[in-house]
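Below, all heavy atoms of this structure are taken into account, side chains as well, without hydrogens, waters or symmetry copies.
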2 protein chains.
Amino acid sequence: MTEDKNPIQVAGRLFGALEYLAEHGESGLMEISEHLGLNKSTTHRIVSSLQYMGYVRQSRESGRYELTFRIVDLSSQVMNRMDIIGIVRPFLRKLMEQTGETVHFVKREGAEIVYIDKVEAYQNSIRMVSHIGSRMPFYRSAVGKAMAANMTEQEVRDLWEASEIIRVTPSTIVDYEEFCRALGQVRANGYALDNEENETGVRCIGASLMISSDASEKPGTEYAFSISVPISRMDEERVRELSGYVLATKTAVEEAFHSSR
Amino acid sequence: MTEDKNPIQVAGRLFGALEYLAEHGESGLMEISEHLGLNKSTTHRIVSSLQYMGYVRQSRESGRYELTFRIVDLSSQVMNRMDIIGIVRPFLRKLMEQTGETVHFVKREGAEIVYIDKVEAYQNSIRMVSHIGSRMPFYRSAVGKAMAANMTEQEVRDLWEASEIIRVTPSTIVDYEEFCRALGQVRANGYALDNEENETGVRCIGASLMISSDASEKPGTEYAFSISVPISRMDEERVRELSGYVLATKTAVEEAFHSSR
DNA sequence: CTTATCGTTCCACTATGTGGAACAGGATAT
DNA sequence: ATATCCTGTTCCACATAGTGGAACGATAAG
């Protein structure tokens, strides 16, 4: 683990400011300056540069800075390139309608998974774009386990070691042996479970998708989906009922995908 | 119009590479290098820096570069901060259900408008995030005219002069006098029309929203919404019918917003 | 009125980014 | 199999481009 440096110093500072503004919203110069550990003057130049390029704007009277929608535009371009979302979405929507629960669609990115789509259950009025783009480790999500179950022992080991294992709930799996045993269960069932391992009060059922957009990735380790259900609505019997829908969705998507190639 | 320079040279290059990758997807180093007009070596350092920060990843075998979802994550954070979307969404959804047509929600940003939300008509299976974040000039959109109608003559003039007026369809308004006359119509009707002025075959009905999240902005010039309808489904009679729903939505949103403050 | 705080500008210094050149690995052509 | 062309990658001397201290102006707070 050699601690490489950023090949361009200012780059780290520019994106540091960008990320700070994304997280905290409208902010003062000193606030950003302090957070980056930089001189007021240096920070000002950095923010001015972002403003010059149209990523940041300054409130006329308060003098505070905030992000424009330029970054949202870039994000949209990236999302529009993901044709797979449009293909899979109708199936996920159907799953949501069958179960009445929220459905997530994720993609592997290194040792993490990224939410790339979401079909919200009707009763919740949260908007769809909410979590999209956010990341999560493999080891404590149903989708992660579903994908890991298709990997070789070596690949699983690498993944485990690349992750920072943190116990975020009492049920989080923090032992490698136990994780491997859980993967065995996944292989036997065809679907993966997350029993409040990531968030207390939420159980998930996930399945991998044997599809690949890129020949370099091994099928079954690139995309996965899951339904998230509050514990109150998810006893053992409902797990059995819902897992049926999940497995049906898995095969439907895989068939549709392969016939369209 | 003084041609200022970017206070940080590399910043322009970093974001130039980022934008290129967003637009073109997976690209080779030489391709980016040529587009930026930079030395191979310089480009390599720039892309490596983006990779170091997690915004870019390199395909293991092809050696080509592409964006990660990091940028989508930032975008999500920005969108989640826009509480207004969650407040307005239910009304726009209702409007879509009443009319069966696609509804857009936009925000002013300088001399342009930005799409910040969209409720797609059921028959279309395009996904929601599609255009979000993309920009459009004021002068040739229903939403832009709806907002401009609430501005002073001076403000309208400034807006017109800040825009690059381009005739994109035979109906595009490219004359300032004519634009002002159109605004008069908007004030009389309470809603704005776009008769294929931006895209041939598409008519829009838009209305401004007298709400403001920021005291610095004048109400009625910050947010607006519209419905977009193919010309085949939009004769004069249907305009009258749909404009009723649009106006009803406008007042409903404004009431809900003011009572929630 | 005084004091504190924030955003902005200036400028001398040198750390930092630059790009030519040389290298390494594949793919394609000969 | 060998040569020729592409890639992407590393190295390094040079000077350009970014740095941050200090001083300024404007606004808000005491």
Side-chain angles (χ1 to χ4, degrees), chain A residues 2-21 24-68 110 214-217, chain B residues 2-21 24-68 110 214-217:
Chain A
T2 64
E3 278 288 326
D4 283 333
K5 276 193 177 174
N6 192 325
I8 301 179
Q9 194 189 50
V10 251
R13 298 168 170 195
L14 282 159
F15 283 85
L18 205 72
E19 288 162 16
Y20 185 87
L21 286 167
H24 295 85
E26 203 184 83
S27 316
L29 185 67
M30 293 309 289
E31 204 181 330
I32 306 168
S33 167
E34 226 163 280
H35 176 254
L36 297 177
L38 293 175
N39 190 291
K40 213 167 43 158
S41 156
T42 305
T43 310
H44 181 261
R45 194 171 346 94
I46 286 167
V47 177
S48 295
S49 179
L50 290 171
Q51 183 176 17
Y52 175 86
M53 297 182 294
Y55 287 92
V56 159
R57 72 166 189 180
Q58 186 175 27
S59 170
R60 197 68 159 71
E61 67 251 31
S62 70
R64 294 162 70 80
Y65 294 92
E66 66 180 335
L67 293 186
T68 66
D214 180 351
S216 70
E217 289 280 346
Chain B
T2 65
E3 278 289 327
D4 282 334
K5 277 192 174 171
N6 192 326
I8 300 179
Q9 193 190 49
V10 251
R13 298 168 170 192
L14 282 159
F15 283 85
L18 204 73
E19 287 161 17
Y20 184 88
L21 286 168
H24 296 85
E26 201 184 83
S27 316
L29 185 67
M30 295 309 288
E31 204 180 329
I32 304 168
S33 167
E34 226 165 281
H35 175 254
L36 296 178
L38 293 175
N39 189 291
K40 212 169 42 159
S41 156
T42 305
T43 310
H44 182 261
R45 192 167 352 91
I46 286 168
V47 177
S48 295
S49 179
L50 290 171
Q51 183 175 18
Y52 175 86
M53 298 183 293
Y55 287 91
V56 159
R57 69 163 190 184
Q58 186 173 27
S59 169
R60 197 70 159 70
E61 68 251 28
S62 71
R64 293 162 71 80
Y65 294 92
E66 67 180 334
L67 292 187
T68 66
D214 181 351
S216 69
E217 290 278 346

Trainee: With the threshold set at under 4.0 Å for non-hydrogen atoms, list the residues of residues 8-17 of chain A touching DNA chain D in residue-number order.
Mentor: A:Gln9, A:Val10, A:Arg13
Trainee: By nearest heavy atom, map A:Ser62 and A:Asn6 onto DNA chain C; which one lands nearer the 5' end?
Mentor: A:Ser62
Trainee: To the nearest Å, how far apart are B:Gln58 CD and C:dG26 P?
Mentor: 13 Å
Trainee: Just the rounded figure in Å: distance from P of D:dT10 to CD of B:Gln51.
Mentor: 10 Å
Trainee: Does D:dG20 have its OP1 or OP2 closer than 4.0 Å to a side-chain nitrogen or oxygen of A:Thr42?
Mentor: yes
Trainee: Using distance only, find each side-chain donor-acceptor pair of residues 33-44 of chain B under 3.5 Å and give its atom names and separation, not counting sequence neighbours.
Mentor:
{"residue": "B:Ser33", "atom": "OG", "partner": "B:Leu38", "partner atom": "O", "Å": "2.7"}
{"residue": "B:Asn39", "atom": "OD1", "partner": "B:Ser41", "partner atom": "N", "Å": "2.7"}
{"residue": "B:Thr43", "atom": "OG1", "partner": "B:Asn39", "partner atom": "O", "Å": "2.9"}

Trainee: What distance do A:Tyr20 atom OH and A:Glu31 atom CD have between them, rounded to the nearest 0.5 Å?
Mentor: 3.5 Å
Trainee: List the residues meeting side-chain contact (heavy atoms from CB on, under 4.5 Å) with A:Glu19, not counting sequence neighbours, and say none if there are none.
Mentor: A:Phe15, B:Tyr55, B:Arg70, B:Leu74
Trainee: Quick one: A:His44 NE2 to D:dC24 C1', roughly how many Å, whole number?
Mentor: 13 Å
Trainee: Please check this pair: side chain of A:Ser27 against backbone of A:Ile32, looking for a donor-acceptor N/O pair closer than 3.5 Å.
Mentor: no
Trainee: Do any of residues 32-40 of chain A sit with a heavy atom less than 4.0 Å from DNA chain C, and if so which?
Mentor: A:Lys40
Trainee: Ignoring hydrogens and angles, tell me if any N or O in the side chain of B:Arg64 forms a donor-acceptor pair with the backbone of B:Glu26 under 3.5 Å.
Mentor: yes
Trainee: For D:dA15 versus D:dT19, give the span between their C1' atoms, rounded off to a whole number of Å.
Mentor: 16 Å
Trainee: Looking only at the side chain of B:Arg45 (C-beta and beyond, no hydrogens), which of the listed nucleotides D:dT10, C:dG17, D:dG21 gets closest?
Mentor: C:dG17
Trainee: For A:Gln58, enumerate each residue passing the side-chain contact (heavy atoms from CB on, under 4.5 Å) test, keeping only those at least two apart in sequence or located in another chain.
Mentor: A:Gln51, A:Tyr65
Trainee: Search all heavy atoms of A:Arg13 against all heavy atoms of A:Ile46 and return the closest pair with its distance.
Mentor: CB-CD1, 3.5 Å
Trainee: Rounded to the nearest angstrom, tell me the gap between atom CG in B:Leu29 and atom P in D:dT10.
Mentor: 12 Å
Trainee: Taking the side chain as everything from C-beta on, heavy atoms only, tell me whether B:Glu66 gets closer than 4.5 Å to B:Val56.
Mentor: no
Trainee: What's the separation between atom CZ in B:Arg45 and atom CG in B:Leu14, rounded to the nearest 0.5 Å?
Mentor: 10.0 Å
Trainee: So which one's nearest nucleotide on DNA chain D is more toward 5', A:Ile46 or B:Arg64?
Mentor: B:Arg64
Trainee: Using modelled atom types only, decide if a donor and an acceptor are shared between the side chain of A:Ser49 and the backbone of B:Pro7 within a distance under 3.5 Å.
Mentor: no
Trainee: For every nucleotide of nucleotides 25-30 of chain D, 5' to 3': is a protein heavy atom under 4.0 Å from its base (B), only from its sugar-phosphate (S), or from neither (-)?
Mentor: ------
Trainee: How long is the gap from CG on A:Leu67 to CG on A:Leu50, to the nearest 0.5 Å?
Mentor: 8.5 Å
Trainee: B:Tyr65 side chain N/O closer than 4.0 Å to the phosphate oxygens (OP1, OP2) of D:dT7?
Mentor: no
Trainee: Ignoring the backbone of B:Ser41, work out which of C:dT8, D:dG20, C:dA21 is nearest its side chain.
Mentor: C:dA21
